[in-house]
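In what follows, a single structure is set out as structure tokens and then discussed.
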2 protein chains.
Amino acid sequence: MDEQTLLKLDNQLCFTIYACSREISRLYRPLLDKLGLTYPQYLVLLILWEQQESTVKELGELLYLDSGTLTPMLKRMEAAGLIIRERSSEDERKVIIRLTEQGRDLREKATCIPKALLTQSGISREEFIRLLNQCKQLLERVHQLNEKFR
Amino acid sequence: MDEQTLLKLDNQLCFTIYACSREISRLYRPLLDKLGLTYPQYLVLLILWEQQESTVKELGELLYLDSGTLTPMLKRMEAAGLIIRERSSEDERKVIIRLTEQGRDLREKATCIPKALLTQSGISREEFIRLLNQCKQLLERVHQLNEKFR
DNA sequence: TCAAATTTAATTGTGTACAATTTAATTTCC
DNA sequence: GGAAATTAAATTGTACACAATTAAATTTGA
């Protein structure tokens with residue numbers, strides 16, 4: 001591939017992933033709207049459903065987001081009654097994020113979402129797993145690179 | 001895979017693509033900063049470098065973005081002297097987007113970007129093409145689904 | 001021990017994203 | 001020919017995303 005070809009929009013892996021990300025979010029939207037969630041908020045809940053509590057820092061590491069994004073988002077989720085934000089008494093720098101009853105209960109309404117989307121997309125499990133692994137590899141590599149250049 | 005497994009963050013293809021998209025953008029950032037561009041602005045220029053001119057509608061179709069995103073973005077690019085926005089005289093509803101000299105000249109400074117990133121990421125050409133094709137397929141499918149449900 | 005360095009969130013400012021609405025121009029179709 | 005429907009951008013309002021800075025707590029090291 002020469003430079004001209006690489007420069008073409010059509011061949012930009014980055015563009016395809018960027019567009020994919022937004023189109024998949026759009027697919028989630030009608031389902032998440034019913035729960036009153038945005039996609040990034042749903043990701044926060046996925047973490048809290050697994051491990052009961054977290055901190056802003058940990059959420060940021062898991063989701064690749066910083067406090068500039070998380071703080072206002074978590075405030076909105078707190079206002080919606082899904083979570084509680086509380087300074088850690090052990091280390092006052094940290095803010096602990098916990099689910100409320102309401103936040104915990106939402107899990108049952110959400111369990112159908114991943115399967116619904118997998119079915120809807122018509123993608124086979126094999127294909128799904130293969131693509132997931134490839135994307136994970138790419139994510140890992142690019143993330144390493146970004147860490148290195150900081 | 002059962003529902004519990006699917007619900008885990010770690011297995012969310014959607015999350016991986018979402019995180020990938022942002023991490024790749026971060027990899028572009030230092031290169032694009034030198035040109036005074038954001039990643040979406042770079043995508044607009046990729047199109048205009050290929051086809052001289054476009055419209056807001058066409059840019060939206062190619063980039064999967066609507067006028068609510070494009071209008072302010074194109075205004076910023078016009079203010080930066082990269083493009084000109086002009087109502088079509090044939091159809092006054094349309095706004096034609098054209099490159100300025102400055103916008104055209106930026107192309108040479110940008111040609112090195114795709115190759116630099118490909119090299120940097122350590123991904124082989126075969127891998128690159130395979131992943132690109134798989135992502136394209138997924139994008140196509142998800143896009144079709146979104147169109148169907150509108 | 002205590003000042004300097006580091007860590008953690010919050011804040012500030014800019015730039016996307018996108019749903020919903022509005023405005024103006026063009027098409028359709030009776 | 002002209003009202004109704006459609007189309008294309010712009011506007012409005014909300015919610016991320018992220019760089020850069022600030023503020024407060026904790027850790028480090030001479």
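Given the structure is predicted, the values throughout are model-derived calculations rather than measurements. Chain identifiers are assigned alphabetically (A, B, ...) following the order of the sequence lines, protein sequences preceding nucleic acid strands; residue numbering begins at 1 within each chain. The figures that follow rest on heavy atoms only: side chains count, while hydrogens, waters and symmetry mates do not.
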Q: Using atom CG of B/Leu62 as one end and atom C1' of D/dA8 as the other, report the distance to the nearest whole Å.
A: 16 Å
Q. Below 4.0 angstrom from OP1 or OP2 of C/dA9, is there any side-chain N or O of A/Arg87?
A. no
(Q) It should be established whether A/Tyr18 places a side-chain nitrogen or oxygen under 4.0 Å from OP1 or OP2 of nucleotide C/dA17. (A) yes
Q) If each of A/Arg76 and A/Ser89 is mapped to the nucleotide of DNA chain D with the nearest heavy atom, which maps nearer the 5' terminus, i.e. the 5' end? A) A/Arg76
Q. For A/Glu58 and C/dA9, what is the distance between atoms CD and C1' respectively, to the nearest whole Å?
A. 15 Å
Q) Looking across every strand, which nucleic acid part, if any, lies under 4.0 Å from A/Thr55 by heavy atom: base, sugar-phosphate, or nothing? A) sugar-phosphate
**Q.** Nearest-Å distance for atom pair CD1/C1', residues B/Ile24 and D/dA17
**A.** 16 Å
Q.
Strictly below 4.0 Å, N to O, side chains only: are B/Arg26 and B/Glu23 in salt-bridge contact?
A. yes
**Q.** d(CG, B/Leu59; P, C/dT16) in whole Å
**A.** 13 Å
Q: For the pair A/Lys136 and A/Glu140, evaluate salt bridge (charged side-chain N to carboxylate O under 4.0 Å, His left out) and give the outcome as yes or no after the intermediate values.
A: CA-CA 6 Å; A/Lys136 271 182 170 176; A/Glu140 206 44 54; over 6 Å; no
Q) Roughly how many Å is it from CD in B/Glu23 to P in D/dA17, rounded to a whole number? A) 13 Å
Q: Scan A/Asp91 against the nucleic acid and name what it touches under 4.0 Å (heavy atoms): base, sugar-phosphate only, or nothing.
A: sugar-phosphate
Q: Looking at every strand, decide which applies to B/Glu90 at a 4.0 Å heavy-atom threshold: base, sugar-phosphate, or nothing.
A: sugar-phosphate
Q: Would you please confirm or rule out a distance under 4.0 Å between OP1 or OP2 of D/dC16 and any side-chain N or O of A/Lys75?
A: no
Q. For B/Leu70, which contact category applies under a 4.0 Å heavy-atom criterion: base, sugar-phosphate, or nothing?
A. nothing
**Q.** Minimum-distance nucleotide to B/Val95 side chain [options: D/dA9, D/dA15, C/dT26]
**A.** D/dA9
Q.
Please tell me if B/Arg85 has a side-chain N or O lying less than 4.0 Å from either OP1 or OP2 of D/dA10.
A. yes
Q. Quick one: B/Glu86 CD to D/dA9 P, roughly how many Å, whole number?
A. 13 Å
Q) Salt bridge between A/Arg130 and A/Glu126, side-chain N to carboxylate O under 4.0 Å? A) no
Q | Check ion pair B/Arg87-B/Glu92 (N to O, under 4.0 angstrom) | A | no
Q | N or O in side chain of A/Ser67 less than 4.0 angstrom from C/dT8 OP1/OP2 | A | no
Q: Before accepting this row, confirm whether a basic side-chain N of the pair B/Arg104/B/Glu101 lies closer than 4.0 Å to the acidic partner's carboxylate O.
A: yes
Q: Would you mind telling me which of C/dA9, D/dA8, D/dC18 lies closest to the side-chain atoms of A/Val56?
A: C/dA9
Q | A/Arg93 side chain, from C-beta outward: closest of D/dA25, C/dT26, D/dC18 | A | D/dA25
Q. When all nucleic acid strands are considered with a 4.0 Å heavy-atom cut-off, which category describes A/Thr38: base, sugar-phosphate, or nothing?
A. sugar-phosphate
Q) More 5' along DNA chain C: A/Asp66 or A/Glu61, using each one's nearest nucleotide? A) A/Glu61
(Q) Without decimals, in angstroms, what is the distance between B/Leu74 CG and D/dA9 P? (A) 10 Å
Q. Quick one: SG on A/Cys135 to CG on B/Leu138, what's the gap to the nearest 0.5 Å?
A. 8.0 Å
Q: Identify, between A/Glu92 and B/Lys94, the residue whose nearest nucleotide on DNA chain D lies closer to the 5' end.
A: B/Lys94
Q. Closer than 4.0 Å, any side-chain N/O of A/Arg26 to the OP1 or OP2 of C/dA17?
A. no
Q) Would you say C/dA9 has OP1 or OP2 under 4.0 Å from some side-chain N or O of A/Thr71? A) no
**Q.** Spacing between B/Tyr42 atom OH and C/dT16 atom P, to the nearest angstrom
**A.** 16 Å
